[in-house]
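These notes are about the structure you will find just below.
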Amino acid sequence: MSSFAGRMKEYPTISLDRFDRENLHARAYFLSHCHKDHMKGLKGPLLKRKLQFSRTVRLYCSFVTKELLLNNPKYAFWEEYIVPLELESPTQISLVDEASGEKEEVVVTLLPAGHCPGSVMFLFEGSHGNVLYTGDFRLPVGDVSRMEHLHSGSRVKDIQSIYLDSTFYDPRFYQIPSREVCLSGISELVGNWISQSPHHVVWLNCKAAYGYEYLFINLGEEFNTQIHVNTLAMFKKMPEILSYVTTDRRTQIHACRHPKDEEFFQGNRLPCGCTAADGTPLRIISIKPSTMWFGERTKKTSVIIKTGGSSYRACFSFHSSYSEIKDFLSYLQPVNIYPSVIPIGRTLTEVTQMLKLMCRKQSDEAAFVYKPLGVLKRSRVQRPTCDSESDDELFDGLDVAPVRKKLGVQKEGTLETTALPVCVEESLPLTITDAQPAAHNYVDCTESNGEEEEEEEEEEQQGDEEKVGAGQPEDISSQPPRWEDFFTTETLTDSQNSLRSQPQSCCSEMTGSQTPDLFSDEETAPDGFSLTLSGSQSNHSSQNMDSCLPDTLIIQPELDGQKQREEGDDGIIQSESQQLSDFDIPCTPESKVPRRDELSQLYRKLAAGEDIRALDYRTEH
DNA sequence: GCGATCAGCT
DNA sequence: CACAGCTGATCGC
């Protein structure tokens, strides 16, 4: 449970996920998601009073969070003070001191957090640096490298501080099976049961909280049914959820609740009191989603555990595991990390100490003081996926065929009030040029979209997931653009995990192009020759990372150049916003990144002392 | 009568 | 298997 006090050191005039005590004086409020432990004080009368006298204080959140919040009458008074923001749309917000008129500008970007419907992280960019408040999140290993707004061009942004969901930041929780693996296990159990007869029913013993909708949607889809729940009101504007839940009790899958639901179940009744029409007793099993974790060296274990004659626990987590958090942090390498949760049995000091290891090293900063051409930023490179592979091995008793469901999003809302969508870099000539970190690149050790696909196929073969596995690519390419409003993580699967298949951000929409022509070489070409620091140099990463990374300092212009080139293929983004590039020097119009073969040619010419200007990178391929 | 806090429970 | 709550008791205003 979050114990975050509500404020960040860098931007103390805003409050997040806490609305009591000193937070009453904030100039702006942010709500990351609709769980009670992040809403403390939100219905307080003091706050209500303050809002009535204020012209500028607003609550910012995602559209889905707004919808869920206002569904509860206790929070209905917020209606006129909420400013819902689109995901991944940088928005400038004025933080106004209403007494003095003093003003500070900050740009906020909502990033999907994969925790529950509407959950987001907040990235703040302003004169006190870039800070990331994660809220609660679950991101699979590698996803952070695909989050556009954590990058500037092809570089990882310089993050001053991360305010972190550290729920499972403890080596005890080293591994938590992926959403797909857990869902697959639950699906199998449910399928085996309800196929026996119409009187075989399943009760999903879910806590009263948002976050299980992912389960309902996927089970509903797979078994062509709806899940019985107590109320639909909160989802009335979310058709993609609404269509998989029902208040009609005549269904084989229930997630209904009752204050004494466990007793009901013991008496072979469902919490809704449902019985079969013809008087035949129901055959009920209960499945209780719970977080199961596995240590670093734990052997393969099932994600389903039978705890009684008709009771099961099924693995399910809304929070990132230790290794997922490590992946996230070691990619971003912030200067500071502040935990917002202290895992049970730990102290703040312990957690802070452990997190220090994940912060950017002092030496990284010191080593690159000399910067005649401006400052190097870290490359964005496709991350190794060692972890996900070991995941699969760990749980290979189950089919890992990713089960996903497209989730559309509610209609685009208009931005009202003072919120202005902007491109971050355009509005922020500040921050990022000084005291830059080293160019800590990661070495790409995947080489292996192919490998992974193979693995997936193998697994499909052993299982009964044919239906689910089939047709995935089509599903993905037709994803509605903003479906991440509900859940992030399962879209970012291997089949679409490179940025090239994910046109997003204001700038890429402008181009609408898949051609690389928009690439200016200024962002990327120097990178082809940059140093690549790996392994021990770049971070003190987890064992899983270490196992993939060489320990030596290497120079690999070719690989790096190719990487950049590949990213260029999605017609990325930076046409407007790449002022802040590897070096802060003007770009060369109409130039672009050479391909690997072009590079080889380039090197040969360079070696031969020939004039490389004769080479035309714009040759078609 | 309301809010805050805590124990207990799931 | 430690999530995100609920309920109920107690205390203070």
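Here is the naming used below: chain letters follow the sequence lines, and residue numbers restart at 1 for every chain. Treat the numbers as computed from the prediction; the structure is a model and nothing was measured.
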Leading and trailing nucleotides of DNA chain B with any atom under 4.0 Å from heavy atoms of chain A = B/dT5 to B/dT10

Please confirm whether A/Phe316 and A/Tyr212 have ring centers closer than 6.0 angstrom.
-> yes

Are A/Arg138 and A/Glu324 close enough for a salt bridge, meaning some N to O gap below 4.0 Å?
->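 Salt bridge flag = yes for A/Glu324 with A/Arg138.
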
Assign the ring pair A/His319 / A/Phe168 to parallel, tilted or perpendicular, where the plane angle (0 to 90°) is split at 30° and 60°.
->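 Aromatic pair A/His319/A/Phe168 classed perpendicular.
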
Relative to each other, are the rings of A/Phe235 and A/Tyr210 parallel, tilted or perpendicular (30° and 60° limits)?
-> perpendicular

All N/O contacts under 3.5 Å from nucleotides 3-10 of chain C to the protein, with atom names and distances to one decimal?
from, atom 1, to, atom 2, distance (Å)
C/dC3, O3', A/His319, NE2, 3.2
C/dC3, O2, A/Lys207, NZ, 3.2
C/dC3, N3, A/Lys207, NZ, 2.3
C/dC3, N4, A/Lys207, NZ, 3.2
C/dA4, OP1, A/His115, NE2, 3.1
C/dA4, OP1, A/His319, NE2, 3.1
C/dA4, OP2, A/His319, NE2, 3.3
C/dG5, OP2, A/Lys36, N, 2.5
C/dC6, OP2, A/Lys36, NZ, 3.4

Residues, nucleotides or ligands: over 12 heavy atoms within 6.0 Å of A/Arg172 CZ =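 Yes, enclosed.
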
Evaluate whether atom NZ of A/Lys236 has more than 12 neighbouring non-hydrogen atoms of other residues, nucleotides or ligands under 6.0 angstrom away.
-> yes

Residues in side-chain hydrogen bond (donor to acceptor under 3.5 Å, both in side chains) with A/Arg250, at least two apart?
-> A/Asp248

Just checking A/Arg172: base, sugar-phosphate only, or nothing, at a heavy-atom cut-off of under 4.0 Å?
-> base

Main-chain N/O of A/Gly220 paired to A/Thr225 side chain as donor or acceptor, under 3.5 Å | no

